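Below: one structure, written as structure tokens.
Please read these numbers as outputs of a predicted model, since none were measured by experiment. Just so you know, these numbers use all the heavy atoms, side chains as well, and skip hydrogens, waters and symmetry mates.
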Amino acid sequence: MLERYEIETFLTLAEELHFGRTAERLRVSTGRVSHVVKKLEHRIGAPLFARTSHPVVQYPAVTSAAFKRDRTPEHTPAGRPVPKGPAGATFSEMLTLVAMGQGVLPVGEHTRRYYPRPDVAYVPIADAPPILRGLVWLESNTTARVREFVRAAEDANRDAPPG
């Protein structure tokens with residue numbers, strides 16, 4: 001028979017997939033979450049969760065430093081270093097590295113729709129800031145059509161609901 005706090009800890013950890021966020025949600029220490037899980041695993045006789053330290057797949061060298069800092073930070077908000085995983089040459093290659101268990105990769109919410117992969121789990125990050133996008137084109141290719149398209153895109157974005 002499981003205790004209520006054991007079930008609550010297990011279900012919250014299964015949802016969060018992170019001991020720290022689980023502890024925060026349950027208003028207990030990370031050590032307490034770890035202790036409860038170890039106790040459950042001992043009782044069951046098998047691991048319940050694969051413990052990893054989730055390295056971040058890196059963007060290719062040609063990616064701007066600012067973009068890399070935004071998407072793949074070097075430190076957690078608490079100041080701990082974030083382990084670096086392998087770099088991919090293309091976005092599809094980066095997702096393949098994730099599928100192979102080589103690391104994790106923070107991506108925008110739209111990625112699930114545009115890059116559906118049964119071998120990759122897309123886990124929402126509820127407190128992440130939105131990823132801002134913008135239009136880019138060669139200055140030498142600026143035409144009346146391009147300017148009109150940019151104006152229409154800006155108007156559509158201005159009228160779009162937040163989020």
- request: Output the distance between atom OG1 (T9) and atom CZ (R4), rounded to the nearest 0.5 Å.
  value: 10.5 Å

task: Say whether L97 and L95 are linked into one hydrophobic cluster, either directly or through other cluster members, by side-chain heavy-atom distances under 4.5 angstrom.
output: yes

field: Cluster link V36 to L11, ILVMFWY, side chain under 4.5 Å
entry: yes

query: Which distance, rounded to the nearest 0.5 Å, do you find between the OH of Y114 and the CZ of F91?
result: 12.5 Å

- request: Show your reasoning for whether side-chain contact (heavy atoms from CB on, under 4.5 Å) applies to V120 and Y115.
  value: CA-CA 10 Å; V120 172; Y115 296 88; over 6 Å; no

field: Exceeds 12 heavy-atom contacts within 6.0 angstrom, atom OH of Y122
entry: yes

- request: Using modelled atom types only, decide if a donor and an acceptor are shared between the side chain of Q58 and the backbone of V56 within a distance under 3.5 Å.
  value: yes

- prompt: Within a reach of under 6.0 Å around CZ of F67, are more than 12 heavy atoms found that belong to other residues, nucleotides or ligands?
  reply: yes

query: Stepwise, does the side-chain contact (heavy atoms from CB on, under 4.5 Å) test hold for V28 with Y5?
result: CA-CA 11 Å; V28 298; Y5 72 91; over 6 Å; no

task: Specify whether F10 and F49 have parallel, tilted or perpendicular ring planes, treating 30° as the upper limit for parallel and 60° as the lower limit for perpendicular.
output: tilted

statement: Taken to the nearest 0.5 Å, the spacing of H42 NE2 from L48 CG works out to 13.0 Å

query: How long is the gap from CD1 on I44 to NZ on K39, to the nearest 0.5 Å?
result: 12.5 Å

- prompt: Which distance, rounded to the nearest 0.5 Å, do you find between the CG of L2 and the CD of E8?
  reply: 13.0 Å

E6 with R43: basic N within carboxylate O range, under 4.0 Å: yes

field: Same apolar cluster: F19 and I7, side chain cutoff 4.5 Å
entry: yes

query: Any idea which heavy atoms bring A89 and P60 closest together, and the distance?
result: O-CG, 3.6 Å

- prompt: Where do A153 and L135 come nearest, in terms of heavy atoms and distance?
  reply: CB-CD1, 3.8 Å

field: Crowding at CD, E24 (>12 non-hydrogen neighbours, <6.0 Å)
entry: no

CD/E74: more than 12 non-hydrogen atoms of other groups inside 6.0 Å: no

- request: Starting at NE2 of H18, measure out to CZ of R25 and round the result to the nearest 0.5 Å.
  value: 13.0 Å

query: For residues R117 and T96, is any side-chain donor paired with an opposing acceptor at under 3.5 Å?
result: yes

query: Can V98 be reached from V107 by stepping across I, L, V, M, F, W or Y side chains whose heavy atoms are under 4.5 Å apart?
result: yes

message: Would you say L40 ends up clustered with L13 if hydrophobic residues are merged whenever their side chains have heavy atoms under 4.5 Å apart, either directly or through other cluster members?
response: yes

query: Less than 4.0 Å between a side-chain N and a carboxylate O, is that true for R151 and E148?
result: yes

message: When you compare the side chain of E93 with that of P86, does any pair of heavy atoms fall below 4.5 Å?
response: no

message: Taking atom NE2 as the centre, does H110 end up with more than 12 heavy-atom neighbours from other residues, nucleotides or ligands that are less than 6.0 angstrom away?
response: yes

field: Nearest heavy-atom neighbours spanning N141 and V146
entry: O-CG2, 3.7 Å

